[in-house]
Amino acid sequence: EPLDRQRESDTSALPYLAAAVTGFLREFPWTTDGLSRSERRLLQLAAAGSLTLAEAFPRMDDGQRAYYVSDGSLNDLADELAGATPALLTAFGAEGLRRTVAITDTGREVLAGRLDRVAICGLDRWFGGTHLQAGNMWRWDEESQRIGRA
């Protein structure tokens with residue numbers, strides 16, 4: 001919450017700070033579907049048809065003012081979505097960015113907002129010094145542009 005308030009203060013001395021903090025906060029699970037911004041983007045790309053991570057990589061930050069996804073973090077993201085129970089994505093074929101990913105039926109349901117990623121798959125992740133898990137879940141509300149404890 002203090003970080004959320006900081007981006008609303010005068011950050012003119014650091015002109016990219018507010019956008020960077022907003023991008024960081026958008027990586028928390030969203031109130032609408034439990035997906036982070038990056039998780040949602042990868043599922044959106046896969047929903048249009050299977051593709052390699054190398055094809056997805058340059059499109060992960062479309063429409064963003066800053067870049068957040070590295071090749072390593074994209075690999076980790078695909079592993080997490082494919083390893084979730086139930087899986088939201090399948091990843092198969094070659095190694096690394098040459099792997100092909102495809103959305104699962106459950107992934108489509110989450111992407112459509114009919115299921116919540118955190119509710120059906122759980123979440124146990126450290127993010128920015130916060131241990132996101134049952135009983136300590138923070139969510140980003142895109143409509144109000146605020147972070148809050150769920």
Side-chain angles (χ1 to χ4, degrees), residues 1-51 53 55-91 97 101-150:
E1 290 170 328
L3 186 60
D4 196 14
R5 286 190 299 273
Q6 175 66 40
R7 71 189 174 95
E8 300 290 327
S9 67
D10 179 14
T11 60
S12 58
L14 299 166
Y16 301 107
L17 180 63
V21 170
T22 300
F24 171 77
L25 294 173
R26 292 178 84 213
E27 290 301 317
F28 279 84
W30 286 24
T31 56
T32 52
D33 54 19
L35 294 167
S36 70
R37 191 215 63 85
S38 294
E39 289 171 332
R40 180 176 304 96
R41 183 64 182 144
L42 184 54
L43 289 177
Q44 288 169 339
L45 292 170
S50 63
L51 73 166
L53 290 176
E55 292 168 324
F57 182 68
R59 298 174 55 201
M60 285 294 294
D61 293 311
D62 285 353
Q64 301 301 305
R65 292 182 51 199
Y67 299 104
Y68 297 103
V69 178
S70 68
D71 57 344
S73 65
L74 180 58
N75 269 310
D76 292 345
L77 180 63
D79 287 344
E80 187 171 341
L81 294 174
T85 305
L88 305 180
L89 191 72
T90 60
L97 292 183
V101 294
I103 194 168
T104 65
D105 290 340
T106 303
R108 286 187 193 285
E109 292 295 304
V110 171
L111 190 57
R114 291 186 287 269
L115 294 174
D116 184 274
R117 181 248 193 273
V118 173
I120 65 166
C121 301
L123 189 64
D124 188 3
R125 174 191 308 155
W126 279 94
F127 190 68
T130 302
H131 192 183
L132 299 174
Q133 61 180 358
N136 189 41
M137 190 58 58
W138 291 82
R139 296 236 187 179
W140 174 254
D141 185 328
E142 182 71 2
E143 187 174 323
S144 70
Q145 295 285 295
R146 290 268 170 282
I147 191 85
R149 191 179 289 258

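- At least one side-chain heavy atom of Leu123 sits under 4.5 Å from a side-chain heavy atom of Arg117.
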Requested in this report: For the pair Leu25 and Gln145, evaluate side chain to side chain contact (heavy atoms under 4.5 Å, CB included) and give the outcome as yes or no after the intermediate values.
Outcome: CA-CA 9 Å; Leu25 294 173; Gln145 295 285 295; over 6 Å; no
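- Listed here is the closest heavy atom pair of Trp140 and Asp4: CZ3-OD1, 4.4 Å.
- Across all non-hydrogen atoms, the minimal contact from Trp138 to Ile147 is CE3-CG1, 4.2 Å.
- Residues satisfying the salt bridge (charged side-chain N to carboxylate O under 4.0 Å, His left out) test with Arg59, not counting sequence neighbours, are none.
- Counting heavy atoms from C-beta outward, Arg41 and Asp62 have side chains that approach closer than 4.5 Å.
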Report task. Could you give me the CA-CA distance, side-chain angles and deciding distance for Leu42 and Leu53, then say whether side chain to side chain contact (heavy atoms under 4.5 Å, CB included) is met? Result -> CA-CA 9 Å; Leu42 184 54; Leu53 290 176; 4.3 Å; yes
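- Between Pro29 and Ser36, every side-chain heavy-atom pair lies at or beyond the 4.5 Å cut-off.
- Under the 4.5 Å side-chain criterion, counting only non-hydrogen atoms from C-beta, Leu51 is in contact with Val101.
- Aromatic ring pairs are classed by plane angle as parallel below 30°, tilted from 30° to 60° and perpendicular above 60°; the pair Phe24 and Phe127 is parallel.
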**Report entry** side chain to side chain contact (heavy atoms under 4.5 Å, CB included) evaluation trace for Leu77 with Val69
**Finding:** CA-CA 9 Å; Leu77 180 63; Val69 178; 5.7 Å; no
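- Put simply, OG1 on Thr31 and CZ on Arg146 are 13.5 Å apart, with the number rounded to the nearest 0.5 Å.
- Side-chain contact check for Ile103 versus Leu81: every heavy-atom pair is 4.5 Å or farther apart.
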Query raised in the report: Are Asp124 and His131 close enough, and set up right, to give a side chain to side chain contact (heavy atoms under 4.5 Å, CB included), and what steps lead you there?
Result: CA-CA 7 Å; Asp124 188 3; His131 192 183; 2.4 Å; yes
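- Between Ala87 and Ala82 the shortest heavy-atom distance is CB-O, 3.4 Å.
- A search for side chain to side chain donor-acceptor pair (under 3.5 Å) contacts involving Arg139 returns Asp116, not counting sequence neighbours.
- Listed by chain and number, the residues in a side chain to side chain donor-acceptor pair (under 3.5 Å) with Ser38 are Glu27 (sequence neighbours excluded).
- Side-chain atoms of Thr32 and Arg40, non-hydrogen and from C-beta on, do get closer than 4.5 Å to each other.
- Counting only heavy atoms from C-beta outward, the side chains of Glu39 and Glu80 approach each other to under 4.5 Å.
- Shown here are the side chain to side chain donor-acceptor pair (under 3.5 Å) partners of Ser9, two or more places apart in sequence or in another chain: Gln6.
- Heavy-atom contacts from other residues, nucleotides or ligands closer than 6.0 Å to CG of Asn136 number more than 12.
- Legend: residues meeting salt bridge (charged side-chain N to carboxylate O under 4.0 Å, His left out) with Arg108, ordered by chain and number and at least two apart, are absent.
- When every heavy atom of Cys121 is checked against every heavy atom of Leu88, the shortest pair comes out as SG-CD2, 4.2 Å.
- Shortest non-hydrogen contact noted between Gly34 and Val118 is O-CG2, 3.7 Å.
- Inter-residue side-chain proximity for Arg37 and Phe28 is flagged as unmet; no heavy-atom pair is nearer than 4.5 Å.
- Evaluation of the side chain to side chain donor-acceptor pair (under 3.5 Å) rule for Thr85 yields no partner, not counting sequence neighbours.
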